[in-house]
2 protein chains.
Amino acid sequence: MPARRQANANSESVDNYLKAILVLGGSTEQRVTSTALANRLGVAPASITNMLQKLAVAPEPMVEYERHRGVRLSPAGRRRALEIVRHHRLIETFLYEILDYPIEEVHDEAERLEHFISERFEERIAAKLGHPKTDPHGQSIPTMEGQMPVREAICLSEALAGGAYVIDSVGERDAETRRRLEATGLRVGIKLQVLPRTSAETCSVSIRRAGQPEDAIDLTAELAGGIRIVPFGI
Amino acid sequence: MPARRQANANSESVDNYLKAILVLGGSTEQRVTSTALANRLGVAPASITNMLQKLAVAPEPMVEYERHRGVRLSPAGRRRALEIVRHHRLIETFLYEILDYPIEEVHDEAERLEHFISERFEERIAAKLGHPKTDPHGQSIPTMEGQMPVREAICLSEALAGGAYVIDSVGERDAETRRRLEATGLRVGIKLQVLPRTSAETCSVSIRRAGQPEDAIDLTAELAGGIRIVPFGI
DNA sequence: CCTATATATTAGGTATACCTAAATCTCTGA
DNA sequence: TCAGAGATTTAGGTATACCTAATATATAGG
Ligand SMILES: [Mn+2]
Ligand SMILES: [Mn+2]
Ligand SMILES: [Mn+2]
Ligand SMILES: [Mn+2]
C-alpha cells in the first residue's frame, strides 16, 4: 500500500519551479529572477534561492544558476518542464472532453494531477483523445519528444484598432484573473473587433464581440496580455 | 501554479495509514498492532508509533490509540479511509474499463492517484462508469456516503474439498504476490474445483480450473488467503 | 563616482515524515 | 512467579520545503 517516493529530484515542488522558469523565461529563454519566481509560485524569495541552489548542484543539474543573475533551465530541466506541461494540457483536454468538466475547473485539477500520473496514463489519455495538438484554452501541447510547437498568434494588447480577430489561446493565470476573464465570456474561437483606444492606460484594450456590436468590453492590460489572437476574415 | 497543501491532516501518508488500519482491523474492527502496520506500510515500527500518537491527538482525532494496545479508527478516520478506498477502486475500474489498462497495472496507478483526485473527479468517473458496485478485482466499492457493502464470499483456504466455486474477488496484495497470482491465471469469474488436500501445510489448497481438468494448481496459504469464492452450480 | 534602494542571499527556525539505537513494556512458559 | 524474548515506545537524527529577519550585492540617480 505504500508508494515510496525517491529521495532526490522530481518532487511536486521541483516540477512547479521548473514549469515556472519555463514560462517566465519565455520563448527566448531569458534568465528568470528570484523575485519573478517568488511572485509566480507564492513563496518567499529566500525559499527560491534555496531551491535554485539545490537544483543547480544536483547530480543532473536542472538549472543554470549564478548568484544575483537569475536562472534558466538546463537541458534536463527543460525536458522535465515540458513533460509536466504536456501532462497538464493533456489532463485539461481529457477532463474537458471525456469527463465533461466545466472549462473553468480543468486548470486546478490538472495542476495537481500533472505530477502524479504515470507515462502509461499519459499515453492512454493521449490516444483516447486522438493525440490532440492543443488544450481547451488553445495552448499547444508539447509532443512526447519534448517539442513545443510554436503558435503564430499575437497578443491582444498589441492588436491594431479596427482589426478583426479570432481568439487563438487564453493563457494560464491565477484564479482571480481567470474568474474575471470568464466573466467577459472570452474564450478560444470567439471572434472580436478591436476598438480605438479609449483609456490612457498603456496596453489596455477595448473590443467588441462579433454578433454583439452593442456592448464594448474594456480589458485591463493584465487581462489583455493573456489573450492571443490571429487575424480573421480577409 | 502553486497548489498549497494545508498544514495538518490529510496527507498521502496519513491516508495510507488509515487505509491500512481499516484493512488490518477487518470487518470486526479489531485493534491493529504497530508491527502489523509497520509490515504493511514498509516503515519502521518507531515511525508507526509517532504517526499514531499524532493522529490520536489531532483536533479531530483519526484513531483511538492506547500505548502498547494497538489502534483502531475513530469515526472520522473510518470515514476518510473509506473515502480513499472508494477513490482507489473507482480509479482501478476507470483505468480498466475506460483507459484499457492491463489489469495487473491498475493497482499501482490507483494507489498514487487515490490521494490527489478531487470530489468532482470522483463523481465524474463514477457517473461515466454507471456507478459501479465492484472494481475489476471483484472488491466492493464503498458508497459516496461511506457504506461498504459486505460480500457473501468465503476464503479459498476455507473451502471444502470437492466443492465447485467461482472466484468472487481477489484481494489487494504486494507486488510480488500479485505477480505470482497473475501467473496462476486466477481472476474474478474464473470457475474452479477444490481438490483433496495434498500438502501437510495448513491453509494451502490445491485446485483445478474448470475446463482445464488436467492441470492441478497448488496455492500457498498466502495466495489462497487473498482469494474469495462463492459456491457455483447446484 | 558613489550611495540609496531594490533585489537577492545567508542565517536560523518550523513542520512533516521518515530513520536507527536505546529504553521500556507485556506476557508467555518454565 | 517471574525472567527473558518480543513488541513497542522514546530519544535523537536526517531530508525536504517552507518561513522570517538580518545581511550583502547591484545598479541607477544624483
Ligand atoms: Mn502543479
Ligand atoms: Mn509523461
Ligand atoms: Mn496510496
Ligand atoms: Mn472523494
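What you see is a predicted model; the values in this text were computed from it and never measured. Sequence lines set the chain letters: A, B, ... in the order given, protein chains first and strands last, and positions in each chain run from 1.
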Between A/Glu29 and A/Arg72, is the closest basic N to carboxylate O distance under 4.0 Å?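 Salt bridge: no.
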
Could you check which of [options] has an atom nearest any side-chain atom of [X]?
| X | options | result |
| --- | --- | --- |
| A/Pro45 | C/dT9, D/dT9, C/dA17 | C/dT9 |
| B/Ala46 | C/dT16, C/dA21, D/dC19 | C/dA21 |
| A/Arg67 | D/dT25, D/dC19, D/dT9 | D/dT25 |
| A/Ala44 | C/dT9, C/dT10, D/dT20 | D/dT20 |
| A/Met51 | D/dA17, D/dC19, D/dT25 | D/dA17 |
| B/Ser13 | C/dT9, C/dA17, D/dT9 | C/dA17 |
| A/Val14 | D/dA17, C/dT9, D/dT20 | D/dA17 |
| B/Ser11 | C/dA17, D/dA17, C/dC18 | C/dA17 |

Rounded distance in Å - [atom1] ([X]) to [atom2] ([N]):
| X | N | atom1 | atom2 | result |
| --- | --- | --- | --- | --- |
| A/Asp15 | D/dT16 | CG | C1' | 14 Å |
| A/Glu66 | D/dA24 | CD | P | 22 Å |
| A/Glu12 | D/dA17 | CD | P | 10 Å |
| B/Leu41 | C/dC18 | CG | P | 8 Å |
| A/Leu37 | D/dC18 | CG | C1' | 15 Å |
| A/Asn50 | C/dG12 | CG | P | 13 Å |
| B/His68 | C/dT24 | NE2 | P | 11 Å |
| B/Ile48 | C/dC18 | CD1 | C1' | 11 Å |

For a quick test of reading the model: is some side-chain N or O of [X] closer than 4.0 Å to OP1 or OP2 of [N]?
| X | N | value |
| --- | --- | --- |
| A/Tyr17 | D/dT16 | no |
| B/Ser47 | C/dC19 | yes |
| A/Lys54 | D/dA17 | yes |

Looking only at the side chains, is there a donor atom on one of B/His88 and B/Asp135 sitting less than 3.5 Å from an acceptor on the other? no

At under 4.0 Å between heavy atoms, what does B/Thr49 touch on the DNA or RNA strands: base, sugar-phosphate, or nothing? base

Could you pull out all residues at least two apart from B/His87 that satisfy ring-ring contact (aromatic ring centres under 6.0 Å, His included)?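 For B/His87, no residue satisfies ring-ring contact (aromatic ring centres under 6.0 Å, His included) once neighbours in sequence are set aside.
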
Side chains of A/Leu37 and A/Leu52, heavy atoms from C-beta outward: is any pair under 4.5 Å?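 With C-beta onward as the side chain, the pair touches.
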
Within a strict 4.5 Å, meaning less than it, do heavy atoms of the B/Asp100 and A/Arg124 side chains meet?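 In contact.
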
